[in-house]
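Naming convention: chains lettered A, B, ... in sequence-line order (proteins, then strands); numbering from 1 in each chain.
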There are 2 protein chains.
Amino acid sequence: MMNETVSIAKALSDKARLRAIMALSGGELCVCQIVGLLGLAPSTVSRHLGVLHQAGLISSRKDGRWVYFRLAGPDASPPARKALRWVREALAGDSSVTKDLLSLKRITGVSKEELCRTQAKK
Amino acid sequence: MMNETVSIAKALSDKARLRAIMALSGGELCVCQIVGLLGLAPSTVSRHLGVLHQAGLISSRKDGRWVYFRLAGPDASPPARKALRWVREALAGDSSVTKDLLSLKRITGVSKEELCRTQAKK
DNA sequence: ACTATAATTCGCCAAATAACGAATTGTCAA
DNA sequence: TTGACAATTCGTTATTTGGCGAATTATAGT
């Protein structure tokens, strides 16, 4: 319980990971979309998502080439659920989160394929 | 807001600091009592408390030679208050916390002077 | 089959962090 | 005033962490 709480807090103690959580509040996203949002290397984003997953804060679903992540639901542990509630309350209305939501609108508007190709070219 | 949340999460992402927070749930404690509880060097404990203080999770009061820390009250920022609520909910009933509460009973039973002398001898 | 691409893993480097002891500061009591 | 002690600050060291690119795996399309 203590160890779980520590690992959850560790998972939440990074700006990129908090931004990812807030982005996922709007529904599931594939890795390449989160890469586009955060502007980090795919390998880095994958690692971040791995940390969040390990802490039980998000879950994933594979569909073809893509892996979709979403916030952990009712199946998550109580500490994880409460942590998510805290973060979403604490960051509701945050300016960088708001900016991210706008970026997301653009990103999800573009087709996944096109987005990922764009990312690859960079 | 984002930065505050990150620093709060960072402050919570250490076992010793979580134990300190849970110990302070029972009321204020002086540094030497927390040193006795955690079994860490005074300089280390001071640093931990500094991190928690910086994050707005605890506040301090100086009384003579001693500095007492307590959980941040209603004056604390909403994110800090909510974070404290999360931690206390997540760790309620945790075994190491329960153990610490027993240790605390013993520690607060001993006079402060005697405790600190005992620690100094180590 | 072959190529392209989404995602992960791995190895590396730089920066941040936790721990300690030593030195310092401030306060009380002989 | 001198000594004892609570607490903090500072310097050092070992570990962890975040970032990237290269290599790898898996899947879809040609």
Side-chain donor/acceptor of A/Arg81 to backbone N/O of A/Pro74, under 3.5 Å: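 Here the side-chain-to-backbone pair exists.
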N/O donor-acceptor pair under 3.5 Å between B/Ser46 side chain and B/Ser43 backbone: no
When the distance from [atom1] of [X] to [atom2] of [N] is rounded to whole Å, what number comes out?
X	N	atom1	atom2	value
A/Leu49	D/dG18	CG	P	13 Å
A/Arg61	D/dT27	CZ	P	15 Å
A/Asp14	C/dA15	CG	C1'	13 Å
B/Leu40	C/dA19	CG	P	6 Å
B/Glu28	D/dA7	CD	P	12 Å
B/Trp66	C/dC28	CH2	C1'	8 Å
A/Lys10	D/dG18	NZ	C1'	14 Å
B/Lys15	C/dA19	NZ	P	12 Å

Side chain of [X] - closest among [options]:
X	options	result
A/Lys62	C/dC20, D/dA26, C/dC28	D/dA26
A/Phe69	C/dT9, C/dT8, C/dA6	C/dT8
B/Arg65	D/dC20, D/dC5, C/dA6	D/dC5
B/Arg17	C/dA18, D/dC10, C/dT8	C/dA18
B/Ala41	C/dA7, D/dG19, C/dC20	C/dC20

B/Thr44 vs C/dA19: side-chain N/O to OP1/OP2 distance below 4.0 Å: no
Below 4.0 Å: OP1/OP2 of C/dA19 and any side-chain N or O of B/His48: yes
Donor-acceptor side-chain pairing of B/Thr108 and B/Gln33 below 3.5 angstrom: no
CD/A/Gln54: more than 12 non-hydrogen atoms of other groups inside 6.0 Å: no
Residue closer to the 5' end of DNA chain D, B/Arg47 versus A/Gly64 (nearest nucleotide): B/Arg47
Aromatic ring pairing B/Trp86/A/Trp86, orientation class (parallel under 30°, perpendicular over 60°, tilted between):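 Ring orientation, 0 to 90° scale: parallel.
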